[in-house]
Structure formats: C-alpha cells, structure tokens
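Structure, as structure tokens:
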Amino acid sequence: MTAHSHSHAQAHSCTIKTVAVAELAAAADRAVQINPLNAPSIQMVRALGMPAEMPVQARLSVLTKKYWGSKGVKLTVGFMDSPPADLRARILSHMNAWGAWSNVRFVETKTNPQVRIARTAGDGYWSYLGTDVLLIPANAPTMNLDGFTMNTPDSEFYRVVRHETGHTLGFPHEHMRKEIIDRIDKQKAIAHFMQTQGWSEQEVIQQVLTPLAQSALIATAQADPTSIMCYWLPASIMKDGQAVSGGNDINALDAQFSGLIYPGPVAPSCIWPNGKAYFFKGKQYLRYDPKADKTDAGYPKPMAGNWPGFPTTFSNKVDAFVLWGGGKAYFFKGKQYLRYDVVADHVDPGYPRPIAGNWPGMWPEKIDAAICWPGNGKAYFFKGDQYLRYDIAGDKTDAGYPRPIAGNWPGFPADFAAGVQAAAVWNNGKAYFFKGSQYLRYDIAADKVDAGYPKPIAGNWPGFWPGGLDA
Ligand SMILES: [Zn+2]
C-alpha cells in the first residue's frame, strides 16, 4: 500500500449531507427560483451521461434540484470559528481553483455568508450538495473541514477542500457511479465503514452503496476513478481486489466538466489541470511546476511529436498561446491559430484556421502574447506597443481597442511598453510578462507592476531559457 493510500485510510471519508425529506420540495422550489429558465437542455443531460433508463423528466428534475444554473456560481463564504487570515485565504484559494475552469467564484464575507465553513473536530469532512446549501439555517455550517490548520499538509487542501467545494457546486461522489458500486463487496464495505467511520449500516448504504441515479445528479459521461470527486476505496472491500485510486486534485475531466455546466467567464490561470504550466521557444517547449517553482526534469523537449496534431509550422515556433476556459488552449502562429483540447490532448479537428474572420477585432497576424485575465471575463492580446481587450463571453474585441501599452499598464518600463513576448497568469493573483532576458510581475488586484521588477529570468526561473521565450 502506498503512503498516499494510507493517508486516505486514516482520513475521514467524506459524507454528503442531505436536507430532511420534508425540505426536499422546498429545495426543488429554491433551485427553480435560482434557476428558472436554466432547466438543463436535453443535450446537456446527454452530455452529462444521466442513466438511460431514467425518464427524461426525472433526469431534468434531479438535475434542476441542486444545479446552480448555467449563469454560474457566485457565493459568499464565511467561517463559523475564527481561523487566522492566512488559513482563510488558503481555503478560499483552493475553493476558487474551480474558477480557473468554470464560471465559479467564492468571495469571503463576514456578513450573512452563504457557504459557512466549520472545523469541528471529529465531525469529518462534509458538505451539502449544490443549492441545498441555501436551505441550511444561517447559524449552522454548510461544510466541515475537520481540524484544518496552516499545519495541514498542502496535499490535503488540494484533496479535501477542492472535493468539498465540488459538492457545494453540486457534484456528487464519483464513486457512487453504478460501474464502481457494482465492484464493491457490500458486506465488506458495510463492515469496513462501520468500523473506520463509525457509520450505521444505513449510512454506509446511503454514502457508498447507493448508485448515483438515486442519490445525486450531475456527472461526466464515464465514471472517472481519478476524479477529485472520487475517493479512495480500499482493495479489501472490492470484489476484484483492485482499490479505487481516488482523486487528489481537480483533474482534466473535472475541469472540462465544470466548464461545461458552469460556462462563461472564468478566473483563469496558465496552470493546466495537471498542475503544470507550459512555455515555448523556437522548436522547444518546457513544462514548469509552479508548486516546486522549477522546470520539470527532462525539459525542454521538442514540440514535434509531443503536441499531437500540431502542423509543422506550429511545432517550429508559436507566436503566442493562451489557456482558455472549457478545457481549450489557443495557439497563434503568423496568420493562423489552432485550438487544442486539453483533455483529449490533441488539436481539435478543422484547425489551424485563419485569425482573420474568427477573432472579431483582432489583428490578423503575428500576435506577440496572450493572456486570460482573472476576475473580469477578459483576455488581453499584445502586438508591438499595442494591446487589446477581448470579451470572452461576447467573443469579440471590446470597443475602443487596440490601445497603447504605455500609460495603460501601470509600472511597465519603456522596453516592456514597446512590446512583450510572452505572458502568464498564475493562481496567486500575479501575472508575469516576459521580454528578452527579463520579466516583470504584475499584481492583478493592485493593477500595477510589483516593486523591484523587472528582474532577470536567469536565476529566478530555474530551467528556463535565460535569453527569453516566444510564448
Ligand atoms: Zn465527498
């Protein structure tokens, strides 16, 4: 058994809290109020892979019951106790990790928070599901993060906070999928969870052995044992003796799925669902690990052969690339661009295409840099000493652009205002701009370059090309 699995065994299993039966009708009404015109389309139901034997109306009503609606999720968050500011910020940052892929945003407040987090010892990890959160009395928590402190390992913030936040977004347990439940030895599972979690037989049946169709709502087309919403099931309770690995972070399918059901403006970063960032220079690319703050071993590598579907013109050099919402990335080269499917790990069919005619208001060729901006639903594109602001939902350049960089990006020195070569934004509230052998860090909330920049790439970006990059 790996150390990773061992930590699961010691940890509390997560439970989904359900509202009382008498409140279910109210829950449905509430969801319809929130989501009056957003009853999921048949296409969405198909895309979500609801069980075929379930009548369409039932599938719709189940979905509608806890789904926040296609306009996205904006919720305020508060704490039942008084965690220190650094812990509150850390929890919020992991909740908002979903917002890199979907129209989801959590904002801390002290006044009437909608999501209320407790850290009650012995109460385990749990959350209410989707719009049920709004039915809970204002003096009661909607999520419990048993014993979380700043000393809790970082991996647990990824595994637990992101998972419980998934429930708040309406995502059920992935291990409740019938194809996984069918593999569980029911008697062994009951004994196991009664012993390790202190659950009653009824609770084990409800939490682990009831297939999704009867207990929950929204899911991807196939069961995904590495989904953040799937937890570890030990080999000892599986009929086939094969443990279910469970997820440790939002994976590519989770990311894509969240963007499908909550589309629209995202709080993007340049960090891919595998936790890595990619940079490009000439025929090469490198993979950067933001957590370790260094280039992964074995990089740079040639683009050719490692980016399936890239035509030679692109694998020889790209001008710019931007990680978009919904599991897509766009690469620009000369007069063309291509769309890359992050989950399928392949260029989408029908690409490259001409920039002209497909990006209203965009320069038709030779883009220098592109970046999706957190918080405003916009992307910025740079060419020479100009930049333009692109509205992601409206799919067009905003009126009044392009504009000069100079004067509009506070703190940009003259050589950066004359043009940038690459840009990246991480989920720490900072954006990075690269020009020649230097880079600068931009504070998104303060809307200006941080003090002390630009700095040399060499020595600050381990494994980078010291002379600069293309994208
Ligand atoms: Zn859970």
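Whatever order the structure lists them in is the order used to number ligands and atoms, beginning at 1.
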Evaluate the side-chain proximity of Lys71 to Asn103: yes if any heavy-atom separation is below 4.5 Å, no if none is.
no

Protein N, O or S within less than 2.8 Å of the Zn ion (ligand 1), waters excluded:
Cys14 SG, His163 NE2, His167 NE2, His173 NE2

Evaluate the ring-ring contact (aromatic ring centres under 6.0 Å, His included) criterion for residues Tyr453 and Tyr442: first the C-alpha distance (whole Å), next the side-chain angles of each, then the deciding distance (0.1 Å), finally the verdict.
CA-CA 9 Å; Tyr453 289 87; Tyr442 201 85; over 10 Å; no

For the side chain of Arg183 and the backbone of Gln242, is there at least one donor-acceptor N/O pair under 3.5 Å apart?
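At least one qualifying donor-acceptor pair exists.
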
Any donor and acceptor pair, going by atom type alone, linking the side chain of Arg116 with main-chain N or O of Ile136 inside 3.5 Å?
yes

Kindly compute the distance separating CD (Gln187) from CD (Glu201), expressed to the nearest 0.5 Å.
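That separation rounds to 6.5 Å.
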
Answer with yes or no after comparing the ring centroid distance for Tyr262 and Trp68 against a 6.0 Å cut-off, counting only values under it.
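Tyr262 vs Trp68: aromatic centres not under 6.0 Å.
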
